[in-house]
Protein chains: 2
Amino acid sequence: MTCLCQQIAGKDIELSPTCIGNLWIFKDLDSADIKALSQDALRKKLVKGQSLFLQGDPANEMFLVKGGRIKLSKVLEDGTELTLDIRKAGDFVGENMFSEEGQYPVSAVCLEATMTCGFSRSQFEELVMKHPRVGLQIIKTLSDRISQLTNRVESLAVANIEERLYRVLSNVAKEHGAQSSQGVVIQFPLTHEDLGFLTGAHRVSITRAMKALKKAGKIILENKLLILPTLKIA
Amino acid sequence: MTCLCQQIAGKDIELSPTCIGNLWIFKDLDSADIKALSQDALRKKLVKGQSLFLQGDPANEMFLVKGGRIKLSKVLEDGTELTLDIRKAGDFVGENMFSEEGQYPVSAVCLEATMTCGFSRSQFEELVMKHPRVGLQIIKTLSDRISQLTNRVESLAVANIEERLYRVLSNVAKEHGAQSSQGVVIQFPLTHEDLGFLTGAHRVSITRAMKALKKAGKIILENKLLILPTLKIA
DNA sequence: AATATTCTGTAGTAGCTGTTACAATATTAA
DNA sequence: TTAATATTGTAACAGCTACTACAGAATATT
């Protein structure tokens with residue numbers, strides 16, 4: 001099944017094979033439903049740096065990332081920035097649409113050229129009512145997200161920055177990594193400032209910790225990409 | 001409808017009105033389903049300090065907390081303990097049963113005498129397939145949990161211990177607090193060590209920070225219970 | 001190619017937190 | 001009640017991190 005996304009995206013975004021037509025979540029829908037859903041879904045094409053939504057916006061829509069990468073971050077009262085997660089092709093963004101809050105608690109900003117499909121709450125609710133198995137799949141997805149966030153909480157609780165940074169890198173590598181002969185490679189560049197936002201530490205402290213991790217052989221830096229040689233991918 | 005729990009629990013546990021028979025999640029089930037489900041549900045009565053499950057145990061069961069309070073915590077490799085969450089009557093525990101992991105990532109230990117109802121994965125899946133609206137409700141619950149964990153990540157990212165502690169206390173108060181004339185009262189005692197596990201800080205540092213928060217008028221201590229006078233409950 | 005901008009590396013200092021030790025108080029058990 | 005245990009409070013010091021400042025390297029822009 002050819003997806004509308006491909007026509008819209010053009011050739012500058014490498015699309016994931018994950019789409020409404022073939023996403024595992026929707027695999028038991030009949031073709032009429034799929035057609036209806038994929039026509040309703042609001043496709044958006046975003047450039048690097050563009051935001052999908054900002055913290056505080058009313059949360060009425062949930063997005064499937066078709067291609068690219070999206071950073072979920074938040075600015076705290078004291079002005080410090082915190083990155084909560086980085087989502088990639090095949091992931092959902094805005095899953096808290098279902099919660100009571102009513103607004104997005106974070107901002108979603110594209111790290112690369114990105115393509116998304118958006119769905120409204122009512123669209124999703126209808127879908128789940130009609131196809132309970134889709135509900136089960138979403139439950140599984142949300143459950144995985146909870147596990148991941150639990151890991152994140154654990155990482156941040158580690159006092160020592162070097163250890164904390166390594167845990168953060170491991171988490172990122174597990175989500176965005178590819179196995180190579182040298183180890184797990186994180187598929188996109190991260191500046192020390194980015195890592196600071198992910199780790200909750202000062203940029204300069206990250207530089208120090210990176211130096212120590214390199215020296216300890218726990219990370220390798222190869223043309224802007226990070227490799228974790230001692231990590232096994234799940 | 002009289003719940004089986006009441007007969008089992010006896011009089012030493014104050015039960016929440018939330019049960020299979022009247023839990024909002026199950027409100028659209030017909031009486032035959034409710035009967036079947038409540039008979040299958042495995043009730044457990046636990047004393048203070050007893051564990052519902054330990055980190056690493058196979059995750060095949062999810063629990064509804066009928067009465068009492070359960071601490072979800074984890075021991076890190078370096079031996080430090082971290083408390084991820086405290087659940088109360090009406091909450092679910094073990095929701096990661098749905099995820100791929102296969103085992104509980106945390107231990108669940110009772111802080112008080114506690115009563116739970118357990119459900120197996122297959123039981124829940126059947127239920128969702130038969131009653132899609134139940135699936136939607138669970139999606140909402142999980143979604144709320146994600147929001148809460150996001151807050152938790154945010155709290156832990158704050159470097160300053162006094163501020164971090166106050167955020168942790170606010171989170172706890174929002175979950176377990178009751179509005180009083182003086183402010184929001186946390187309904188159960190927390191030692192400085194407990195707060196250390198919640199905050200990811202040393203016990204002595206908690207004592208220091210508590211002193212500062214008291215002095216600043218941000219918290220009041222009244223016979224073992226904490227009051228946050230400046231907090232508004234959601 | 002030249003310039004501007006972003007990113008990385010290094011250093012020094014101030015401030016905060018962890019750690020250890022011990023006293024004082026409160027709670028629980030005998 | 002008394003003894004045992006758990007909790008809180010205080011102090012001193014070591015160690016780590018934040019903060020600031022600046023230089024060099026790498027990228028991006030013109």
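All chains are named by letter (A, B, ...) in the order of the sequence lines, taking the proteins before the strands, and each is independently numbered beginning at 1. Bear in mind that the values here come from a model prediction, so they are computed numbers and not experimental data. Note: hydrogens, waters and symmetry copies are ignored here, and every other heavy atom, side chains too, is used.
Listed pair Ser205(A) / dA18(D) meets the phosphate criterion, a side-chain N or O lying under 4.0 Å from OP1 or OP2. Dashed line: the shortest gap from a side-chain N or O of His202(B) to OP1 or OP2 of dT19(C) is under 4.0 Å. Distances shorter than 4.0 Å separate some side-chain N or O of Lys214(A) from OP1 or OP2 on dG9(C).
One atom, CG of Leu225(B), and another, C1' of dA26(C), lie 15 Å apart when rounded to the nearest Å. Whole-Å rounding puts the Leu195(A) CG to dC7(C) P distance at 12 Å. Rounding to whole angstrom units, CZ of residue Arg164(A) and P of dG18(C) are separated by 11 Å. We find that NZ of Lys215(A) is positioned 15 Å from C1' of dG9(C), with the value rounded to whole Å. Rounded to a whole Å, the NZ atom of Lys211(A) is 16 Å from the C1' atom of dC16(D). Atom CG of Asp194(B) and atom C1' of dT27(C) are 15 Å apart (whole Å). Following rounding to the nearest Å, Asn223(B) (CG) and dT8(D) (P) show an atom-to-atom distance of 14 Å. Distance CD1 (Ile206(B)) to P (dA6(D)): 20 Å, rounded to an integer number of Å.
Between Ala201(A) and Lys224(A), the one whose closest nucleotide on DNA chain D sits nearer the 5' end is Ala201(A). DNA chain C is contacted by both Lys48(B) and Ile161(B); Ile161(B) maps to the nucleotide lying nearer its 5′ end (nearest heavy atom per residue). Comparing Ala159(B) and Arg208(A) along DNA chain C, the residue whose closest nucleotide (by nearest heavy atom) sits nearer the 5' end is Arg208(A). Between Asn160(A) and His192(B), the residue anchored nearer the 5' end of DNA chain D, judged by the nucleotide with its closest heavy atom, is His192(B).
Among the candidates Lys71(B), Arg69(B), Glu95(B), the single residue satisfying the side chain to side chain contact (heavy atoms under 4.5 Å, CB included) test with Arg87(B) is Glu95(B).
Among residues at least two apart or in separate chains, ring-ring contact (aromatic ring centres under 6.0 Å, His included) pairs with a member in residues 171-208 of chain A are His176(A)-Phe188(A).
If you check distances only, the side chain of Arg203(B) does reach the base of dG9(D) with a donor-acceptor pair under 3.5 Å.
Side chains of Tyr166(A) and Thr199(A): a donor-acceptor N/O pair is absent below 3.5 angstrom, by distance only.
Distance check, rounded to the nearest 0.5 Å: CG of Asp144(A) to CG of Leu149(A) gives 11.5 Å. Rounding to the nearest 0.5 angstrom, the gap separating the CD atom in Glu77(B) from the CD atom in Glu163(A) is 7.0 Å.
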>> Applying side chain to side chain contact (heavy atoms under 4.5 Å, CB included) to Arg167(A) and Ser170(A), what does each step give before you reach the verdict?
In response: CA-CA 5 Å; Arg167(A) 281 172 183 256; Ser170(A) 297; 5.5 Å; no

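Side chain of Thr207(B), nearest nucleotide from dT10(D), dT17(C), dG9(C): dT10(D). Of the candidate nucleotides dT17(C), dA21(D), dC7(C), dC7(C) has the atom nearest to the side chain of Thr191(A).
Salt bridge Asp85(A)/Arg152(A): absent, no basic N to carboxylate O contact under 4.0 Å. A salt bridge is defined here as a Lys NZ or Arg NE, NH1 or NH2 lying under 4.0 Å from an Asp or Glu carboxylate O, and Glu154(B) with Arg164(B) fails to meet this definition.
Of the residues in residues 74-86 of chain B, not one places a heavy atom less than 4.0 Å from an atom of DNA chain C.
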